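Scroll down for the structure; my scribbles are underneath it.
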Amino acid sequence: MPEYEAAIGMEVHAELLTGSKMFCGCRNAFGGEPNTRCCPVCTGMPGSLPVMNRRAVEHVIRAALALNCRVSPDARFDRKNYFYPDLPKGFQISQYERPIGIEGWLGIDTEAGPKRVRIRRVHLEEDTGKLLHLATGESAVDFNRSGVPLMEIVTEFPPDMRTAEEARAYLTKLRAVLTYIGVSDGKMEEGSLRCEPNLSVRPVGSAGLGTKTEIKNLNSFRAVYRGIEYETARQIGVLRSGGAVAQETRGWDDARGQTFTQRSKEVEQEYRYFPEPDLVPLQIDEEWVDRIRRAMPELPDAARARFVEQYELPPHAADALTQTRATADFFEEAALTSGDPRAAANWMIGDLARLLNASGTEITDSRVSPRHLADMLALMAEGVISGKMAKGIFEEMFATGVSARALADRAGPQVSDTAAIAAWLEEAIAAEPRVWQELCGGDTRKQGYFVGQVMKASRGKANPAEVNRVLRARMEGA
Amino acid sequence: MADLHNLTARALGALIAGRQVSAREAAEAFLARIEVADPGIHAFLTVTREHALADAAAIDARLKAGERPGPLAGVPVALKDVLCTRGIRTTCGSRILERFVPPYDATVAARLAAVGTILLGKANCDEFAMGSSTENSAFGPTRNPWDPERVPGGSSGGSAAAVAAREAPIALGTDTGGSIRQPAALCGVVGLKPTYGRVSRWGLVAYASSLDQVGPLTRTVEDAALTLNAIAGRDPLDSTSADLPVPDYTQACRAEVRGLRLGVPSEFLGGEVDPTVAGMTRQAVDTLCEAGAEAEECSLPSVTHCLAAYYIIAPAEASSNLARYDGVRYGMRSREHAGHIGMAERTRDEGFGDEVKQRIMIGTYALSAGYYDAYYRRAQQVRTLIRRDFDRAFERYDLLVTPTSPTVAFRLAERADDPLAMKLADICTLPANMAGIPAISVPCGFLEGLPLGLQILGKAFDEPTLLRAAYTYEQATDWHRRRPPL
Ligand SMILES: [Zn+2]
């Protein structure tokens, strides 16, 4: 039985952060009452004409540069013709023959070391509307999203990625780059970042590529990871049992953790591309590109190196804190305000990340601000609250947005009173005299047990340093 | 003032500005004329009587208040029904848009309103501007004012007939392959297709975006110049509109033609062109030479491929531009339908006429993956060759002179079953659209009692020289003074 490996390519659509839509003045924003942000242009009314949003083009040039692409001086828009009720003009304005960015790459870290994922093209297109299926059984269309500028980033073929882990690293890095340069907010759950992996498997060592499938409707990096894992195993299973993988588009059922056939691709969709006659070709001269290049902000790799150097963070922490621009900005503010970068980093990678994840919140929407975190670190340094109290306070800050100081006041001060701590300790010894003997007999692992009991009895308010001191004194006395 | 409808726009505007005639009287005179003449002509699809009278009253009030709103204030106009008008239905001569009322004005409509013209109504046309006879209107054909048994030409046949029949002093048409100039020639009026990009296309319901241009149909060259002054110029809503200053076109008319070099391309004087028509073109060239111009025969070898290339590019763009008529958002929706695709299919089948369907099919075919290179790309190459031919010719000549139409107006239904013969009606006019250059048609004689046009072509954005030659010719002849027997 041969060993199999996967070849994974990726198409990513990123909504661009512009004030207005791609070809009209309508506001570009998420959500809202259906059809409150549309005009004759974005609904394709007769006689309407597109006018290009220069900012959207600049964003794509910025992304192309950040992804090490060449910028085409004579990029152009094309029409992609197909019928769908959410496509108001019967065609989508996109880029086909001459995209803005071509032939780039993005560096990722893999278990085997750093790797380059080659990028084939970065282009600009408009989003379509959204079909709504009403309770009455009728269908309606919401055009709020119609004409929203989308950037599409397509990896090179044959694909460079081999594992779900690499695909996740690629997406994480890509999102970091896009948010760092300010072209996208990277919010997958709002659809501003949409990923479609395509995948085939082949025996290790074989030169050709197998039949590929494409996975749609993935709305988190976790789903992408699981989808690729599942699909890789499925395809290998098909081949091992002597079957053939069908070329098709597959959906992702997150609850069941499975992909399923969406539609088989027997006929290639006919898009009848041709140059968009209502827009003049883009002329992207050197000067424009240079101006954008000079104004380029720091990229995640540079930020990561700087964090290691400037704040003396371990590389893995710097890595975690540069996954989005918002995370990095949060960290820098907390680090500088508190004067304790390491503690700030630890709290962010630990508790904050955990709470954000569990509640599905983006860091930009977090009720804990960098100042909140810095205040809490200050309270700990002053000895006003213990580490254990801090954990509770942090969770409450996250839930309510109330400041650490206000929460600490409410909880009352830390107890350093030797007599009170000694009393709690005696209670604990009385409850478990055998354990106490084991500790005194040299089993120092039991020390933690008694510290914990005292903390519990004090409802977390006992000063841990004082508890340790009292404990040691009692052991020597015993 | 019983004969206000016989006045040119310039003359009528002067009377209104001088307050010898009120805008209301002018509007009423034309509305009355429409009532009398239009039943036999069918130049109008919609007459906006109330709008016209209200707008005329507003102009009269401004004049009374001492304002001097310009030479076209109070002058009535008609707009081809492919130009959007806010609150007024815009049908494009199609069932599919029979009840479509745009919530916005075409830029040309807004600009005409801004200089004080009065909208009389919307003129008939071939469905979505596809045709050369105005027989392809879903609402019935327009008839030629010179002979009601004949076509007015197309696709701006309603606009041309309205001006010829004195139902409006000015009408706007659109020209994709000759749709202003050819009906102007067949109806004996002046038709001007400006340079591509000179006039905004915002609100012009697209047929073939890279070829379409809006322009005036008038009875005199000077009126065409006046109208162009009102509608030309950069429009931020149309990114293909040129950001160039707008010269005074009426001033340009006055300049002499002495020393102008005219090229007469031999390709337009043989083949499909009626020998009598060719002869009249030569006579017209002689007239211009008598006024001081110099002329010689020249050649534009690529124009022989123009018709073939045009009938790939225009339908290709049309197939895409017309995809939006699917019954989802506006216009007609078929009652019988099953599912999304079924609804679009039925709506398009019931809503579009045969000519439109045929062009959509041709365009779809020409753009499909296996045929793109053989058809669309090749047609674009021919287009480049045509442009080069013109560039070369304009190195030697200031203007080129040709017939506008190879024949006089044909009979209604005469060419209905012969699509090629129908399309040949545009062979003289197509090259200007393919090259994007300006061209004008002026009356240059009669054959069997039917008018013929002289076409003058100029360099891109050189409308002043074009108008100067056309005006000189017009002043030297009196074809434009003849009236149809109505
Ligand atoms: Zn809009």
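Keep in mind the model is a prediction, meaning the values are calculated, not measured. Quick note on labels: first sequence line is chain A, next is B, and so on, each numbered from 1. Values reported hereafter were calculated over all heavy atoms of this structure, with side chains retained and with hydrogens, waters and symmetry mates removed.
Of all non-hydrogen atoms in L237(B) and V51(A), the two that sit nearest each other are O-CG2, 3.5 Å. Residues Y273(A) and L367(B) come closest through the heavy atom pair O-CD2, 4.4 Å. Of all the heavy atoms in R79(A) and S320(B), the pair that sits closest is NH1-OG, 2.9 Å.
For chain A, the nearby part of Y325(B) is the side chain; its heavy atoms alone come within less than 4.5 Å. Heavy-atom distances place both the backbone and the side chain of D278(A) under 4.5 Å from chain B. Neither the backbone nor the side chain of A106(B) comes within contact range of chain A, judged by heavy atoms closer than 4.5 Å. With a threshold of 4.5 angstrom between heavy atoms, Y271(A) does not approach chain B through any atom at all. Heavy atoms closer than 4.5 Å to chain A are found in the side chain of Y196(B), but not in its backbone. The parts of R201(B) that come within reach of chain A are both its backbone and its side chain, each placing non-hydrogen atoms under 4.5 angstrom from that chain. With a threshold of 4.5 angstrom between heavy atoms, S200(B) does not approach chain A through any atom at all. Neither the backbone nor the side chain of A366(B) comes within contact range of chain A; no heavy atoms are under 4.5 Å apart. Of the two parts of P103(B), only the side chain, counted from C-beta on, holds a non-hydrogen atom closer than 4.5 Å to a non-hydrogen atom of chain A.
The number of heavy-atom neighbours closer than 6.0 Å to NZ of K130(A), taken from other residues, nucleotides and ligands shown, is 12 or below. Counting non-hydrogen atoms of other residues, nucleotides and ligands closer than 6.0 Å to OH of Y371(B) gives a total of 12 or fewer. The local environment of CZ in R55(A) is sparse, with at most 12 non-hydrogen atoms from other residues, nucleotides or ligands closer than 6.0 Å. The number of heavy-atom neighbours closer than 6.0 Å to CZ of R387(B), taken from other residues, nucleotides and ligands shown, is above 12. Heavy atoms of other residues, nucleotides or ligands lying less than 6.0 angstrom from OH of Y375(B) number 12 at most. Remark: Y96(A) OH is loosely packed, at most 12 non-hydrogen atoms of other residues, nucleotides or ligands lying under 6.0 Å away.
Contact count versus chain A (heavy atoms, under 4.5 Å) is highest, among S210(B), A206(B), C84(B), A369(B), for A369(B). Highest contact tally toward chain A, considering only V82(B), L97(B), D238(B), T90(B), is held by D238(B) [criterion: heavy-atom pairs under 4.5 Å]. Chain B forms the most heavy-atom pairs under 4.5 Å with one residue out of P275(A), G90(A), P88(A), and that residue is P88(A). Counting heavy-atom pairs closer than 4.5 Å to chain A, the top residue among G203(B), C92(B), S319(B) is G203(B).
Residues F100(B) and M45(A) are in side-chain contact: their nearest non-hydrogen atoms beyond the backbone lie under 4.5 Å apart. Side-chain contact between S139(A) and M343(B): absent, with no pair of heavy atoms (C-beta onward) separated by less than 4.5 Å. Between V328(B) and Y84(A), the closest side-chain pair of non-hydrogen atoms is not below 4.5 Å. Residues Y372(B) and F274(A) have side chains in contact (heavy-atom distance under 4.5 Å, counting atoms from C-beta outward).
The closest donor-acceptor contact from the side chain of S239(B) to the backbone of V280(A) lies at 3.5 Å or more, if one exists at all.
In this structure, the separation between OG on S48(A) and OH on Y104(B) is 5.5 Å, given to the nearest 0.5 Å. Rounded to the nearest 0.5 angstrom, N81(A) CG and S368(B) OG are separated by 11.0 Å.
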